[in-house]
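Residues: numbered from 1 along the sequence shown. Atoms considered below: every heavy atom in the structure, side chains included; atoms not considered: hydrogens, waters and symmetry mates.
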Amino acid sequence: QVQLVESGGGLVQPGGSLRLSCAASGRSFSINVMGWYRQAPGRERELVASITSGGNTNYADSVKGRFTISRDNAKNTVYLQMNSLNPEDTAVYYCHAEVFRYDSQGRHDYWGQGTQVTVSS
């Protein structure tokens, strides 16, 4: 099994910044893609940003230029730096990892428990 533990959510004023972190732990695995999704009340979960093990990134149009995803492969950790936050960014943010497990010789998807980000004055 692989566990994803998120941290860094909270309440911030419009225009402010937050940094989310997500660390993966477990045995006998490697991670291909790591990313962040978010889900606001009454809306479907959507991709915010993703990053491959080689460092290729992908962003939702709504966050381009404001959010930056990065990754420390040695620590199996992904970060999301969020700047110029606005109320529309309010959501539960979920970490995701596409993992290859050596014990099962297969690819699996794992999710974190979610962290609340609230942007409000």
Side-chain angles (χ1 to χ4, degrees):
Q1 275 289 7
V2 175
Q3 294 80 39
L4 302 179
V5 178
E6 301 145 341
S7 60
L11 172 65
V12 64
Q13 292 186 342
S17 298
L18 281 175
R19 188 189 194 213
L20 305 182
S21 300
C22 172
S25 62
R27 289 192 170 194
S28 300
F29 70 96
S30 63
I31 304 176
N32 179 20
V33 182
M34 297 191 81
W36 292 93
Y37 288 71
R38 66 186 180 187
Q39 187 167 18
R43 301 187 66 175
E44 293 187 354
R45 190 174 296 189
E46 62 175 0
L47 174 68
V48 176
S50 64
I51 184 168
T52 69
S53 57
N56 293 319
T57 58
N58 181 43
Y59 293 94
D61 287 343
S62 60
V63 307
K64 284 180 180 177
R66 301 189 297 123
F67 291 10
T68 302
I69 191 169
S70 60
R71 176 171 172 173
D72 186 333
N73 290 330
K75 296 181 179 180
N76 288 323
T77 300
V78 65
Y79 307 95
L80 186 68
Q81 178 65 44
M82 304 185 293
N83 298 328
S84 301
L85 285 160
N86 59 62
E88 290 69 38
D89 296 314
T90 295
V92 178
Y93 284 70
Y94 295 91
C95 177
H96 169 263
E98 179 189 290
V99 170
F100 181 84
R101 285 176 51 185
Y102 297 109
D103 54 358
S104 64
Q105 291 291 302
R107 295 190 182 278
H108 304 266
D109 288 301
Y110 290 94
W111 294 89
Q113 78 282 4
T115 185
Q116 178 70 46
V117 171
T118 302
V119 185
S120 175
S121 56

side-chain contact (heavy atoms from CB on, under 4.5 Å) partner of Cys22, chosen from Thr115, Leu4, Thr77, Val5: Leu4

Beyond-backbone contact of Asn32 with Phe100, side-chain heavy atoms, under 4.5 angstrom: no

So, does Thr90 use its side chain to make a donor-acceptor pair with the main chain of Val119 at under 3.5 Å? yes

For the student: nearest non-hydrogen atoms of Val92 and Gly114, plus distance: CG1-CA, 3.8 Å

Looking only at heavy atoms, the pair that brings Ser84 and Arg66 closest together is O-NH1, 3.0 Å

Looking only at non-hydrogen atoms, find the nearest pair between Ser53 and Ile31 and report the distance. CB-O, 3.8 Å

Tell me if a side-chain donor or acceptor on Glu6 pairs with a main-chain N or O of Cys95 at a distance below 3.5 Å. yes

Thr68 side chain near Leu80 side chain, heavy-atom distance below 4.5 Å: no

Could you state the interatomic distance from CG (Leu11) to OG (Ser120), rounded to the nearest 0.5 Å? 6.5 Å

Using the side-chain contact (heavy atoms from CB on, under 4.5 Å) rule, take Leu18 and Leu85 through it: C-alpha gap first, then chi angles, then the decisive distance, then the call. CA-CA 8 Å; Leu18 281 175; Leu85 285 160; 4.2 Å; yes

For the side chain of Arg19 and the backbone of Gln81, is there at least one donor-acceptor N/O pair under 3.5 Å apart? no

Tell me whether Leu20 is reachable from Tyr79 by hopping between hydrophobic residues (I, L, V, M, F, W, Y) whose side-chain heavy atoms are closer than 4.5 Å. no

With sequence neighbours excluded, what pairs up with Asn73 under the side chain to side chain contact (heavy atoms under 4.5 Å, CB included) test? Arg71

Strictly by side-chain hydrogen bond (donor to acceptor under 3.5 Å, both in side chains), give each pair with a member in residues 100-111 just once, sequence neighbours left out. Ser30-Tyr102, His96-Asp109, Arg101-Asp103, Arg101-Tyr110, Ser104-His108

Can you measure from CD1 (Ile69) to OH (Tyr59) and round to the nearest 0.5 angstrom? 6.5 Å

Minimum heavy-atom distance Pro14-Ser121, with the two atoms named: CD-N, 3.7 Å

For Phe29 and Asn76: C-alpha separation, side-chain torsions, deciding distance, then whether side-chain contact (heavy atoms from CB on, under 4.5 Å) applies. CA-CA 10 Å; Phe29 70 96; Asn76 288 323; 3.6 Å; yes

Donor-acceptor pairs are to be reported for all side-chain atoms of residues 35-47 against protein atoms at under 3.5 Å, with residues two or more places apart or in another chain.
| residue | atom | partner | partner atom | Å |
| --- | --- | --- | --- | --- |
| Arg38 | NE | Glu46 | OE2 | 2.8 |
| Arg38 | NH1 | Asp89 | OD1 | 3.0 |
| Arg38 | NH1 | Tyr93 | OH | 2.9 |
| Arg38 | NH2 | Glu46 | OE2 | 3.3 |
| Arg38 | NH2 | Ser62 | OG | 3.3 |
| Gln39 | NE2 | Arg43 | O | 3.1 |

Can you get from Tyr94 to Val33 by hopping between Ile, Leu, Val, Met, Phe, Trp and Tyr side chains that sit under 4.5 Å apart? no

